[in-house]
**Student:** 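The structure follows.
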Number of protein chains: 2
Amino acid sequence: MVYSASASVDHFPGASHQAKLTLEIVFGSRVLEFCHAGHSVFWEGDVASDAFMIGEGLLRLYRILPDGRRAITGFAFPGDVLGLAFHDRYLYTAEAVTDVRLRRFPRRRLHALATDCPYLHHDILRVIAGELEAAQEQMVLLGQKSAEERVASFLLMNARRVGKGQAVPISFDLPMTRLDMADYLGLTIETVCRAVTKLKQAGLVSMEGRHKVFLHNPAELSRFAGLDDFELAHPPWPKPALPPVETDPIETGEPGRGGFHQ
Amino acid sequence: MVYSASASVDHFPGASHQAKLTLEIVFGSRVLEFCHAGHSVFWEGDVASDAFMIGEGLLRLYRILPDGRRAITGFAFPGDVLGLAFHDRYLYTAEAVTDVRLRRFPRRRLHALATDCPYLHHDILRVIAGELEAAQEQMVLLGQKSAEERVASFLLMNARRVGKGQAVPISFDLPMTRLDMADYLGLTIETVCRAVTKLKQAGLVSMEGRHKVFLHNPAELSRFAGLDDFELAHPPWPKPALPPVETDPIETGEPGRGGFHQ
DNA sequence: CGTCTCCTTGAGGCAATTCAAAAACCGTGG
DNA sequence: CCACGGTTTTTGAATTGCCTCAAGGAGACG
């Protein structure tokens, strides 16, 4: 009952205090597993024993309401890491949209490693912060945006993943079905279709087959989406996460901003 | 480079490796600050230098869209900790609904402490996991639920905070305005009002003044909300978060569930 | 080439919004 | 304690954006 790759994992404890462990390295030591399209990697409510790093393919992450409605809370793309910040159970089901390759690592052990390795600790926090940011963005989308804005936002969100420097038209694949998009955007299939059609008619978007998308005018599309300009949005600030650690400046006792008092 | 309050804080480094530091303890060493109703603790886009623990009062956490729409992504109640999992900027504005008392602690230093203290590390992860869980829940609510279900869910969510063992009718305060609720639930003021009125007419809810709520039939309300039974819901599993950190048992190499292959 | 599934478009209905006005609440000052 | 003005909440009527229901079209696969 031992993983074929666990020999290399055993190297971690020795090197951990000084080594610059990253999630990439930690997961890289594990065997590649496969999950076929339509099958689940884990289910909502299961004991959350492992974290996962996606190698290839696409996962849909969803919860089911008592009466059967499905809410897709996110998608997991290659490079994404799942399951770092749960209590003891998975909060959603992770199901393969396409055939998926991934690696798993025991959560407890991962967090134990992080205790000894600031680099890894930092890396984990960075991933979790990204998840939280995505969730925030989605709450804004679902709570405030119209159907067309949601679809436009969704397209831009995917465009962003392929890199911003891209030449126009920006092109990418959307392997998920219209139903997946609908359940993610809080709309129906038909409404998603109509929104896409409108964007096509406006000359902002075109498609090749069902899954290949071209964005001909990202800037204009951003206005459609209720976002700031595409280039400026996400992130308006550089990404290097937390600045270098140093001691804090003196506590000034300044009232701070906006009505602080002691 | 010395904190005014840092005399006590300086004790941390020495004791950290063995000490059972918790967020409660760490924040407890800091001065209590005040923020008056209507003022902000921090703004979206500000450099996220500090984390905050709420002592008393209520904060609304929101983002503003370019055209002025406001999305409230959450509320912060006494005991809640804010700002643990951001990149380098705050993702939302935190504004006092009522007068608020809170303590702040520099994020960098907090994470540095966590590196040395598994207890604290664990505590931080638990809080972040809670944030993520709340965000998930909200995405489901905003994406899939009707107006009445959203309002019912909101009331139950607040009831849950006062403790579940409560005798019926469960009573609690909702210090925020109807507009806050609306912007949180992705509805308009009027729709929130109408939904509350319906729940009152159904005998499930009553109110005293504008902010005091009584739930006369939580179980029935739960069905209204598209949740499982109130007692069973949230959390169906015990809360003690992650089990104590230790090395993992032997890797079992079981293929897991759902179509995994090597 | 046929079948199945998924996608797209159209017509009509409904839940939530918008616009409007009355009622309740709150703090203030008499 | 009560009267008053401003704010927030509640209710009503009309509108609309999205959903539902329905049918036709396109793509995927054996």
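We name chains A, B, ... by the order of the sequence lines, and we start the count at 1 in each one.
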**Student:** Is a salt bridge present between B/E33 and B/R104, judged by a nitrogen-to-oxygen distance below 4.0 Å?
**Tutor:**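 Salt bridge present between B/E33 and B/R104.
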**Student:** Does the distance from a Lys or Arg side-chain N to an Asp or Glu carboxylate O, for A/R63 and B/E137, drop under 4.0 Å?
**Tutor:**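 Salt bridge: yes.
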**Student:** Please tabulate the protein-to-nucleotide N/O contacts below 3.5 Å involving nucleotides 26-30 of chain D, giving atom names and distances.
**Tutor:**
unit_1, atom_1, unit_2, atom_2, d
D/dA26, N3, A/R210, NH2, 3.2

**Student:** Going by side-chain contact (heavy atoms from CB on, under 4.5 Å), A/L61 matches just one of A/T73, A/V41, A/I72, A/L91. Which one?
**Tutor:**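 That would be A/T73.
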**Student:** Looking at B/D173 and B/R210, does any basic side-chain N land under 4.0 Å from a carboxylate oxygen?
**Tutor:**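 Judged by the 4.0 Å cut-off on N to carboxylate O distance, B/D173 and B/R210 do not form a salt bridge.
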**Student:** From NZ of A/K145 over to P of C/dT17, roughly how many Å is that when rounded to an integer?
**Tutor:**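 In whole Å, C/dT17 P and A/K145 NZ are 18 Å from each other.
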**Student:** Could you go through A/R178 and A/D183, starting from their C-alpha distance and side-chain angles, then the distance that decides it, and tell me whether this counts as salt bridge (charged side-chain N to carboxylate O under 4.0 Å, His left out)?
**Tutor:** CA-CA 9 Å; A/R178 293 285 188 266; A/D183 285 351; over 6 Å; no
**Student:** When the distance from CG of A/L199 to C1' of C/dC7 is rounded to whole Å, what number comes out?
**Tutor:**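 Those two atoms, CG and C1', are 16 Å apart.
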**Student:** Checking B/F42 against B/F52 for the ring pair (Phe, Tyr, Trp, His ring centres under 6.0 Å) test, could you report, in this order, the C-alpha distance in whole Å, the side-chain angles of both residues, the deciding distance, and whether it holds?
**Tutor:** CA-CA 10 Å; B/F42 55 79; B/F52 298 87; 5.6 Å; yes
**Student:** Measure NZ/A/K198 against P/C/dT8 and give the value in whole Å, please.
**Tutor:**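 These atoms are roughly 16 Å apart.
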**Student:** Answer with yes or no whether the side chains of B/H39 and B/E95 bring together a donor and an acceptor at under 3.5 Å.
**Tutor:**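 Distance-only check fails for B/E95 and B/H39.
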**Student:** So does B/R103 pair up with B/D50, basic N to acidic O under 4.0 Å?
**Tutor:**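 Salt bridge absent between B/R103 and B/D50.
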**Student:** Below 3.5 Å is the cut-off: list the nitrogen or oxygen pairs between protein and nucleotides 1-3 of chain C, distance only.
**Tutor:**
none

**Student:** Using whole Å, report how far CD of A/E148 lies from C1' of D/dC19.
**Tutor:**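 Distance check: A/E148 CD to D/dC19 C1' gives 16 Å.
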**Student:** Do A/R194 and D/dG17 share a donor-acceptor pair, side chain to base, under 3.5 Å?
**Tutor:**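 No.
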**Student:** Any side-chain heavy atom of A/Y92 sitting closer than 4.5 Å to one from B/Q136?
**Tutor:**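 A side-chain contact exists here, since the closest heavy-atom pair is under 4.5 Å.
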**Student:** I would like to know whether B/Y62 and B/Y184 meet ring pair (Phe, Tyr, Trp, His ring centres under 6.0 Å); could you show each step before the answer?
**Tutor:** CA-CA 9 Å; B/Y62 65 85; B/Y184 181 59; over 10 Å; no
**Student:** Considering only heavy atoms, which members of residues 172-193 of chain A lie under 4.0 Å from some atom of DNA chain D?
**Tutor:**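 Within this stretch, A/G186, A/L187, A/T188, A/E190, A/T191 sit under 4.0 Å of the strand.
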**Student:** Run the salt-bridge test on B/E149 and A/R69 with the 4.0 Å N-O cut-off and return the result as yes or no.
**Tutor:**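 Salt bridge: yes.
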